Amino acid sequence: MPTITTINPATEEEIQTYTLMTEEEATDRVAACHKAFLDWRRLSHADRAPYLTRIAKKLRDNAQDLAALMTRETGKLLKDGLTEVEICAAIFDYTAKTGPDALADENRTHGPEGKRGIVTYQPIGVIYSIQPWNFPLYQPVRVLAANLMAGNGCVLKHASICTGSGLRLRELCIEAGLPEDLFQVILIDHDTSDKVIEHSLVRGVTMTGSDAAGRHIGATAAKALKKSVLELGSNDAYLVLGDADIETAVKYSVVGRLYNNGETCVSAKRFIVTDTVYDAFVGAYVDAMKDVVMGDPTDEATQLGPLSSADQLDTVKDQVARSVEQGATVLCGGTAPDRTGAYYPATVLADLAPGMPAHDDEIFGPVASIIRARDDADAMRLANSSRYGLGGGIFSQDEDRAIALARTEFDTGMVRINSFGAADPNMPFGGVKDSGYGREHGGFGMKEFVNAKAVFLP
């Protein structure tokens with residue numbers, strides 16, 4: 001049988017080997033999940049909430065071990081892994097607290113006589129969750145928490161390089177009392193995954209990954225008449241406007257580009273800088289990126305760990321090399337060190353133009369793209385010229401103007417003003433254009449895979 005082996009990207013040591021499931025084994029898990037759903041769906045939202053609260057506690061109780069596992073499998077900084085565990089626990093707590101009200105029946109009227117009507121949000125069944133490696137716990141949790149509260153079951157296909165993290169999450173859910181078959185983790189290849197999407201007991205599909213993968217999965221789901229939610233990454237633009245506070249802009253631009261070793265969908269990637277502050281920002285930013293400490297992800301002093309795998313390192317190196325061949329200038333970094341592990345330094349590229357990977361595409365690593373704008377209006381135009389639209393940012397001392405730009409001009413699902421952050425349980429998460437569709441968090445995710453059923457009374 002085919003196998004997968006997880007590898008520590010910091011040391012290149014093998015961690016564990018797993019055997020892939022056959023199609024029959026995988027669909028048996030789907031059927032088991034559906035059977036568990038038939039009982040779970042009959043619980044009230046209030047009765048489901050304590051399960052989520054207990055899972056949150058389990059995550060916090062095992063935070064050190066979970067963070068260490070994620071670091072071994074993906075190279076993320078240990079301290080970032082601890083933050084990720086806490087975010088996941090907060091998501092379960094938030095969903096447990098707000099879910100019963102968010103999903104409660106709504107009383108409405110119908111007809112000219114104002115007769116009574118009810119809108120009830122009912123679960124639909126098994127949700128298939130296809131998730132990437134950059135946040136081994138958070139990516140599956142944001143789907144799982146919302147759908148458990150909604151009354152659905154969940155089947156997870158996790159990225160192969162963090163297989164251990166997915167399996168450990170399921171173990172902790174079961175230890176917290178969740179019915180054993182309600183959350184399944186399947187180890188399968190892409191062809192078998194397509195068969196799972198098409199399976200009659202799968203009622204919805206959600207996926208985070210590249211736009212190319214999203215097109216395939218979205219098309220496969222649509223052909224089978226399955227609703228999908230897709231979060232497909234981005235090339236987020238952060239605007240440094242003419243009145244920006246340079247110190248603030250540099251501080252959050254370093255964090256925004258290097259968070260999670262630069263492997264974050266909603267992170268600062270393109271820095272579009274107005275001409276009047278270009279030299280001041282770029283000079284200070286390059287100096288700050290040069291000072292970044294790269295090394296062992298378990299060391300508290302480390303600011304930048306390895307990329308997630310040798311393959312990811314090769315991808316980033318190729319994207320930078322092709323950009324330089326086409327005329328990009330390396331202001332710092334740009335060359336992988338000669339050492340064990342998938343390490344790549346904090347890198348800043350300038351003199352970018354359309355057609356270059358660093359201008360057009362998503363670089364999933366610690367590579368910042370600097371683009372000069374004539375003025376603030378040109379900066380906004382350049383930001384929106386991307387095919388992506390997940391997140392973005394604005395640095396400006398005029399907060400009211402920044403809010404107006406964020407509200408009406410920025411063609412993205414999320415905008416940060418004079419700050420950086422990845423996700424919050426109370427705010428919607430998702431994008432537009434080639435960054436996908438659908439929303440998670442903020443109560444929105446709980447209603448993505450439910451049947452908004454109308455009940456008419458005489």
Side-chain angles (χ1 to χ4, degrees), residues 48-49 51-53 55-56 58-60 63 66-67 70 74 76 80-81 83-99 102-103 123 126-159 162 165-166 168-170 172-173 176 178 182-185 204-209 214 217 227-234 259-260 263-267 390-391 413-414 421-431 435-450:
R48 294 173 197 145
Y51 289 87
L52 275 63
T53 303
I55 294 172
K58 274 290 178 183
L59 295 180
R60 291 189 175 102
L66 285 168
M70 290 190 286
T74 69
K76 70 166 60 244
D80 286 349
T83 299
E84 183 174 341
V85 175
E86 178 53 36
I87 290 171
C88 291
I91 289 169
F92 275 111
D93 281 341
Y94 172 88
T95 308
K97 181 179 179 180
T98 64
L103 294 165
V126 176
I127 307 304
Y128 182 36
S129 175
I130 304 168
Q131 299 302 328
W133 43 259
N134 57 330
F135 291 95
L137 201 66
Y138 164 74
Q139 297 286 8
V141 158
R142 73 184 190 196
V143 174
L144 180 63
N147 282 287
L148 289 179
M149 175 52 68
N152 295 319
C154 188
V155 173
L156 169 66
K157 177 193 179 299
H158 216 336
C162 57
S165 296
R168 184 59 180 145
L169 173 61
R170 179 173 182 264
L172 290 175
C173 288
L178 193 72
L182 192 63
F183 172 38
Q184 298 283 357
V185 178
V205 180
T206 182
M207 172 263 188
T208 298
I217 289 168
K227 181 182 178 180
S228 60
V229 169
L230 302 176
E231 193 271 279
L232 305 179
S234 195
Y259 178 64
N260 203 49
E263 298 168 315
T264 305
C265 298
V266 57
S267 68
L390 186 59
M414 298 168 281
D424 185 279
N426 199 41
M427 295 289 282
F429 186 99
S435 289
Y437 48 79
R439 291 293 181 271
E440 295 167 307
H441 298 324
F444 295 87
M446 287 184 273
K447 290 185 177 178
E448 285 288 358
F449 293 107
V450 293

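As the structure is a computational prediction, the values presented were derived from the model and not from experiment.
- K227 places none of its side-chain heavy atoms less than 4.5 Å from the side chain of V205.
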Take L169 and L137 through the test side chain to side chain contact (heavy atoms under 4.5 Å, CB included) and record every step on the way to the result. CA-CA 7 Å; L169 173 61; L137 201 66; 3.9 Å; yes
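- The shortest distance between side-chain heavy atoms of L172 and I55 does not fall below 4.5 Å.
- Counting non-hydrogen atoms of neighbouring residues, nucleotides and ligands closer than 6.0 angstrom, the OH atom of Y437 exceeds 12 such neighbours.
- Ionic pairing of E84 and K76 is present here: one or more N-O contacts between side-chain nitrogen and carboxylate oxygen are shorter than 4.0 angstrom.
- The side-chain heavy atoms of N152 and L148, taken from C-beta on, include no pair separated by under 4.5 Å.
- Using a distance-only test at 3.5 Å, with no hydrogens or angles considered, a donor-acceptor pair links the side chain of S435 to the main chain of G233.
- Counting non-hydrogen atoms of other residues, nucleotides and ligands closer than 6.0 Å to NZ of K97 gives a total of 12 or fewer.
- Note that CG of N260 and OG1 of T74 are 7.0 Å apart. Values are rounded to the nearest 0.5 Å.
- Because its NZ or CZ atom is not both nearer than 6.0 Å to the ring centre of Y128 and within 45° of the ring axis, K157 does not count as a cation-pi partner of that residue.
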Determine, step by step, whether N426 and Y94 satisfy the side chain to side chain contact (heavy atoms under 4.5 Å, CB included) criterion, reporting the C-alpha distance in whole Å, the side-chain angles of both residues, the deciding distance to 0.1 Å, and the verdict. CA-CA 8 Å; N426 199 41; Y94 172 88; 3.1 Å; yes
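- At distances below 3.5 Å, at least one donor-acceptor pair connects side-chain atoms of N147 with backbone N or O atoms of V143.
- Using a 4.5 Å heavy-atom cutoff, the side chains of E231 and R142 are in contact.
- Listed here is the closest heavy atom pair of V266 and G391: CG2-CA, 4.2 Å.
- Remark: side-chain polar atoms of T208 are not paired, donor with acceptor, to backbone N or O of Q131 under 3.5 angstrom.
- Note that CD of E448 is 9.5 Å distant from OG of S228, once rounded to the nearest 0.5 Å.
- The backbone N or O of F444 sits nowhere less than 3.5 Å from a side-chain atom of R439 that would complete a donor-acceptor pair.
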Take T95 and R48 through the side chain to side chain contact (heavy atoms under 4.5 Å, CB included) test and state the conclusion after the steps. CA-CA 10 Å; T95 308; R48 294 173 197 145; over 6 Å; no
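- The shortest non-hydrogen separation linking L59 to C88 is CD1-CB, 3.9 Å.
- Taking each heavy atom of G99 and M446 in turn, the nearest pair found is CA-SD, 3.6 Å.
- Here the side chains of V141 and F135 are not in contact, with every heavy-atom distance at 4.5 Å or above.
- The line from OG of S165 to CZ of R170 is 15.5 Å long, rounded to the nearest 0.5 Å.
- Of all the heavy atoms in A150 and L103, the pair that sits closest is CA-CD1, 3.8 Å.
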Assess whether side chain to side chain contact (heavy atoms under 4.5 Å, CB included) is satisfied between V229 and F449, documenting all intermediate values. CA-CA 9 Å; V229 169; F449 293 107; 3.7 Å; yes
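- Atom CG of residue L156 and atom CZ of residue F183 lie 5.0 Å apart, to the nearest 0.5 angstrom.
- Two residues are said to be in side-chain contact when any heavy atoms from C-beta on lie closer than 4.5 Å; C265 and N134 meet this criterion.
- A pairwise comparison of heavy atoms in T53 and A96 identifies OG1-CB, 3.6 Å as the closest pair.
- Here the closest non-hydrogen pair linking A67 and V85 is N-CG2, 4.4 Å.
- By the 30° and 60° cut-offs, the orientation of the rings of Y138 relative to H441 is tilted.
- The closest side-chain heavy-atom distance from P136 to H158 is below 4.5 Å.
- Counting heavy atoms from C-beta on, the side chains of C173 and L144 come closer than 4.5 Å.
- Checked options E263, M70, Q139; the residue passing with W133 is E263 (criterion: side-chain contact (heavy atoms from CB on, under 4.5 Å)).
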